[in-house]
Amino acid sequence: MSAEHEIENLLHEERRFAPSKEFAANAIAQPEIYQRAKADRLEFWAEQARNLHWHKPFTQTLDWSNAPFAKWFHDGELNVSYNCLDRHVEAGWGKRVALFFEGERGDTKVYTYLDLLIEVKKAANVLIKLGIQPGDRVALYMPMIPEAIIAMQAVARVGAVHSVVFGGFSADSLASRIQDAGAKLVITADGGYRKGKASLLKPAVDEALADNKCPTVENVLVVNRTNSEVAWEEGRDLWWEEQLNLADREHVAQGFNAEHPLFILYTSGTTGKPKGILHSSGGYLTQTAYTHKNVFDLHEGQDVYWCTADVGWITGHSYVVYGPLANGATQVIYEGTPDSPDWGRWWDIVQKYHVNILYTAPTAIRSFMKIGQSVTTHYDLSSIRVLGSVGEPINPEAWMWYREVIGGNKAPIVDTWWQTETGAIMVSPLPGITATKPGSAHVALPGIEIGIVNDEGVEVGPGHGGYLTIKEPWPSMLRGIWGDPERYKETYWSRFEGKYFAGDGAKFDADGDLWLLGRVDDVMNVSGHRLSTAEIESALVSHPFVAEAAVVGAKDETTGQAVVAFVILRSSHQDQIGSDQDTSKMLRDHVAKEIGPIAKPRTIFVVSELPKTRSGKIMRRLLRDVAEDRPIGDVTTLADSSVMDTITGRINAGAND
Ligand code: WT7
């Protein structure tokens, strides 16, 4: 069934869930917010920005004269960390809980805003002592522990630029990101707890830095989380705890220009090389704080908020580290996996901390659905007031399950569409206003202008599929790709004149509500994480046995999409090659080593040929048909139309199981 056909069915969704009267009456965002933003978009954003503390107030909201390089609030100065910490303490909220940390083994730690501020000040002084200057890059490779947040805040506080690399990435991926950013310092931990045991991180850092591969790195700061035995390079490696204990407790946050860079976060694109997405300070903090408050209906000082994302992804940046702290929220962070020690763990945490707002991904929701309602029956989830979803389209069944089983049939669901590049939520219901319908992300937030266009860039009306574009600059937009301004223009701004091209297909229904149709480029979405087909293909062909590889995303019940690879082996290695099963395991391990376990293909088909057009382009559409186990589509443009018979013949003969 085509995506087009599927969406036709979805568009006939008749169910509507309006917020209760009480919810609507008490909601942070009230209906006039849409009119206010429409009336004067830039003034609306300026108002949001004025909710922050400015060391020096801005007088100009947007400078778009050098489009697509935007400057927001650019004659103003602020300190991001001051906004997240100091001002709350100065306002008398020092005793409010900022973080409830739940370790995977059940160990816990509570940080008030004052506690967090003290730690961040000490960490900032450590960075200064290590010679970190404003603008210097600091790479982080951390488990989901409070020190990760403290480190990010400290880097921001001194005006340096963090580049967080998700702890699931391999040493090679870490090394290439450190090199690209030219990081001077790496902050890591010996390891973290995952699935009941210590999972080490420091060895990957050692491997990444070995043989002078990353000559810019001067020091490695190591948090002792698991008391594991780790290798140590004297002069380079330093224990985090020791350094913080020695550090001065006072640090005065200085203001930086609103356009001062805040962080780089690498994400997959259509080519093999990850893109270092660059974000800056004032606009980013403005939009993350505004969306966090309005989309999740955060009543700070009352609500307990929990976003399950890791700090290694944009969701962890915007909706764990920056938005919530800027808003003075009380939040939960959890170190481990949802199934440790069993699938009740998240629900135990919700009950224990009386979580009111939960933000997670469809892939997790579908995993729980598979286990069944029993995972939640022992727990009291009645504290939940708002539910959020992000990362990929949420199918109506999962949406309804989320609403009924987790939300007790009362909590509004906000399906939030955005990207690493957008920095903050762009499309979402507002929970006290929108009558939600299962599967739709609804409308652009106040202040955001989106359009769905055809190949010629012309807006298509309701009911027609097209490309999702953003028509006006927004405060938390990416400021570029690190070190590659041309690629920034080319990737996002060249396809449609004057519009940002998101890479997603979308459609408005007759009510004007948005439905996301998935990626339109060679990017897959596995468990809400973007992976590029080109990146995995290049990892596969870097193995000496592999001559050629083609990767496609196939529909998967739990992860949304799964990685499926087709490989041609080198005949020169024929005698060393074992069974297809062994080969498959070997290549999956190879991809895990090159990129990380998240990129491991679910299935590898060993084939003798790949379907190509006369000009030599691989026809992924046909491979997708094979991967999704349906009849092969039109093969008339193939250079050799018998190739697909050979491929399916070999697969059906069971050669690959
Ligand atoms: C891509 C961005 C934004 C944080 C997590 C992912 C897909 C994201 C939704 C949604 C349908 C969604 C898009 C987008 N996506 N949210 N609510 N409905 N699709 O960040 O890794 O930068 O991926 O995720 O395809 O382009 P990311």
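When a ligand or atom number is given, it counts from 1 through the structure's own listing order.
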Considering only heavy atoms of [X], which atoms of ligand 1 have at least one such atom less than 4.0 Å away?
X	value
Thr315	4 (C), 5 (C)
Thr416	9 (C), 10 (C), 16 (N), 17 (N)
Trp418	2 (C), 3 (C), 4 (C), 8 (C), 14 (C), 16 (N)
Asn525	7 (C), 24 (O)
Gly528	6 (C)
Asp504	13 (C), 14 (C), 25 (O), 26 (O)

One thing to verify: whether Glu490 and Arg487 come together as a salt bridge, which I'm taking to mean a side-chain N less than 4.0 angstrom from a carboxylate O. no
Salt bridge between Arg530 and Asp521, side-chain N to carboxylate O under 4.0 Å? no
Nearest 0.5 Å please: distance from the OG1 atom of Thr434 over to the CD1 atom of Ile413. 12.5 Å
Closest approach of any protein heavy atom to [atom], naming residue and atom:
atom	result
atom 11 (C) of ligand 1	Pro393 N, 3.0 Å
atom 7 (C) of ligand 1	Gly391 O, 3.2 Å
atom 22 (O) of ligand 1	Thr420 OG1, 2.5 Å

[X] N/O to ligand 1 N/O under 3.5 Å:
X	value
Arg519	yes
Glu421	no
Arg530	yes

If you measure from each non-hydrogen atom of Ile314 to ligand 1, which part falls under 4.0 Å: side chain, backbone, both or neither? side chain
Glu392 contact mode with ligand 1 (heavy-atom cut-off under 4.0 Å): backbone
Hey, would you say the [X] and [Y] ring centroids sit under 6.0 Å apart?
X	Y	result
Phe368	Trp343	yes
Tyr319	Tyr305	no
His317	Phe263	yes
Phe501	Trp493	no
Tyr488	Phe69	yes

Picking from Ile433, Leu445, Leu430, Ile425, what satisfies side chain to side chain contact (heavy atoms under 4.5 Å, CB included) with Asn294? Leu430
